[in-house]
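Atoms considered below: every heavy atom in the structure, side chains included; atoms not considered: hydrogens, waters and symmetry mates.
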Amino acid sequence: MIPHLLGVFMRTVLINCGPIVHVDSNEPIVGHDMEDEKWLLPKGKAIIIHGNEITAIRNSDETLDDYESHNSAEVKIIDIDGKAIIPGLIDSHTHMVWGGDRSREVRWKQQGHTYSDIAKMGGGIASTVNSTKSLSQTELFDISKHRLLKSLRNGTTHVETKSGYGLDTRSEIKLLKVAKMLADDYMTPSVDSTWLGAHAVPDNHTLKSYTEEIISDQLPLVAETKLARSADVFCEPGWFGIDEYEQILNSAKSYGMNLRMHIDEFSDGGGGELAAELKVDTADHSHYTSKENRTKMSQAGVNTGFLPGTPYSMGSNWPDFNSMIENKHLWTIATDFNPNNQILSLPFVASCIVQRCGVDPLAALVASTINPSFTTPHPSGKRHGVISPGAVANLNILSSPHWESWCLTPGDSPVSANILNGKYNNYEY
């Protein structure tokens, strides 16, 4: 559904707000602080927005006295009528730009075929690569923009997205150019681009020869064009190993790129130890990472990026999210939207860990807002993932007076309206 866009006013004033989850912190929130109600403001507040920035949070009564006579083309007063408000959600690990359809793989998985088996059967990443290469930049942009609008409808106001379905220099650059087109589109969530050319080894290469091409060709061009802020590698036995991972990421680091990792999705391949050694921004999946390596990552300031949609789609067990709270480790959640896991709703992903794994809904919200803001910054340089003066005006107005409802409507969006970079999008019409 495309939102009813009311536009940007000089000032937008939200009055009669229900409880506001502000999570206003200058650093990531860990441990039992993730569950602390100090991050809540009581109902009855007003939020004042100027352009694309939150400028003040005040009591509604005094705010209405100040602005009621100014409701015009320059000031828009919106009565929230007691609905709860949460920050704009940050989806910190997605694969938005690709084409094709891999729905047939679900039966192969049910028949007991592994991820590696499916790749050999003509499915997997190679299948998506072939479909993606056949599409133009315009076609890929249209497909990806539609996906981003669905994400926005579900409360996401910022995404990190990766290339990785080109697997040669020309095609990887094409995907990053599409991501740049998306980043320049004012109607969609803001976009942080990551190069993931090291997603799989194409059929015309060996692991060694493709690694050499990445280092000698792909990364220099990505750095020259500045189409990606970060570099990522799919580190898993049977794909890229520790040695290749280290070579590629050190090369990317030499160009000034930030570092991210896919690790330990199917087994503990030792990715967590390398993540700690390289002090990457975030090591994602981390499904089977050992307790010892989780501790090393935490001590090195590495975020653990859990992707609960993946075990949901793959039918595997869940990681122990609450142990991260008990051990005061830094962690986030994201959708991992991709051809094999077509989930565009962070509230649904949060529902999985709240309603199936016993995670506190406030902790899940922290893991979807303030915490990922440190691994995928807003392009304006302003704070996001929080509701605070000086932060980007990205927030969600829920359909309920209870903030907990943000993750309790799987199959439907909990959002009645949102504000994206100061633009008010109303879905109740």
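- When side chains are defined from C-beta on, Glu35 counts as touching His32, because their heavy atoms get closer than 4.5 Å.
- Ser286 and Arg294 share a donor-acceptor pair across their side chains, judged by distance under 3.5 Å alone.
- Between the side chains of His50 and Glu53, not a single donor N or O lies within less than 3.5 Å of an accepting N or O.
- Screening Leu249, Val233, Thr282 for a side-chain contact (heavy atoms from CB on, under 4.5 Å) with Met261, the sole residue that qualifies is Leu249.
- In this model, a donor atom of one side chain and an acceptor atom of the other lie less than 3.5 Å apart for Asp336 and Thr310.
- For Tyr255 and Trp195, the gap between ring centers reaches or exceeds 6.0 Å.
- By the 4.0 Å N-to-carboxylate-O rule, Glu105 lies too far from Lys109 to be salt-bridged with it.
- Asn154 and Ser151 share no donor-acceptor pair across their side chains, judged by distance under 3.5 Å alone.
- Checked against the 6.0 Å centroid criterion, the rings of Phe337 and His95 do not qualify as a close aromatic pair.
- The shortest side-chain heavy-atom distance between Pro361 and Trp403 falls under the 4.5 Å cut-off.
- For the residue pair Thr376/Asp192, the side-chain donor-acceptor check at 3.5 Å is satisfied.
- Note that the CG atom of Leu152 and the CG atom of Asn425 stand 5.5 Å from one another [nearest 0.5 Å].
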Exercise. Which is it for Val392 and Arg383 under the side-chain contact (heavy atoms from CB on, under 4.5 Å) test, yes or no, and what are the steps along the way?
Worked result: CA-CA 6 Å; Val392 175; Arg383 299 171 68 209; over 6 Å; no
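- Looking only at atom types and distance, the side chain of Asn371 has no donor-acceptor partner in the side chain of Thr332 under 3.5 Å away.
- Taking the six-membered ring where the residue is Trp, the centroids of Phe234 and Tyr245 are separated by 6.0 Å or more.
- Side-chain contact of Arg102 with Thr128: a donor-acceptor pair under 3.5 Å is present, judged by distance alone.
- Rounded to the nearest 0.5 Å, atoms SG (Cys17) and CD1 (Ile397) are 7.5 Å apart.
- The CG atom of Leu365 lies 9.5 Å from the CD1 atom of Ile29; values are rounded to the nearest 0.5 Å.
- Aromatic rings from His287 and His262 are positioned such that their centres are separated by 6.0 Å or more.
- By the 4.0 Å N-to-carboxylate-O rule, Glu160 lies close enough to Arg260 to be salt-bridged with it.
- Taking the six-membered ring where the residue is Trp, Phe321 and Phe306 present perpendicular rings, their angle passing 60° and hence far from 30°.
- Relative to the ring axis of Tyr67, Arg11 does not place its NZ or CZ within 45° and under 6.0 Å from the centre.
- The aromatic rings of His378 and His158 lie tilted to each other, with the angle between the two planes from 30° to 60°.
- Ser323 OG to His329 NE2: the interatomic distance, rounded to the nearest 0.5 Å, is 7.0 Å.
- For Ala364 against Val354, the heavy-atom pair with the smallest separation is CB-CG2, 3.9 Å.
- A distance of 7.5 Å separates OG1 in Thr161 from CG in Leu148, rounded to the nearest 0.5 Å.
- Taking a cutoff of 4.0 Å between a charged side-chain nitrogen and a carboxylate oxygen, Lys328 and Asp33 do not qualify as a salt bridge.
- Contact of the Lys120 side chain with the His113 side chain is not registered, since no non-hydrogen atoms from C-beta on lie closer than 4.5 Å.
- No side-chain heavy atom of Ile263 sits less than 4.5 Å from a side-chain heavy atom of His285.
- If you check the side chains of Thr335 and Asp91, you find a donor sitting under 3.5 Å from an acceptor.
- By the 30° and 60° cut-offs, the orientation of the rings of His22 relative to Trp39 is perpendicular.
- In this structure, the separation between CZ on Phe374 and CD1 on Ile90 is 9.5 Å, given to the nearest 0.5 Å.
- Using a cutoff of 4.0 Å between basic side-chain nitrogens and carboxylate oxygens, Lys174 and Glu172 are not scored as salt-bridged.
- The only option from Thr63, Thr12, Ile15, Ile57 that meets the side-chain contact (heavy atoms from CB on, under 4.5 Å) definition with Ile48 turns out to be Thr63.
- With Lys162 as the partner, the side-chain contact (heavy atoms from CB on, under 4.5 Å) test is satisfied by one option alone out of Asp232, Leu176, Thr94, Leu175: Asp232.
- A heavy-atom distance below 4.5 Å is found between the side chains of Leu278 and Asn250.
- Between Ile173 and Leu227 there is a side-chain heavy-atom pair separated by less than 4.5 Å.
- By the 4.0 Å N-to-carboxylate-O rule, Lys83 lies close enough to Glu428 to be salt-bridged with it.
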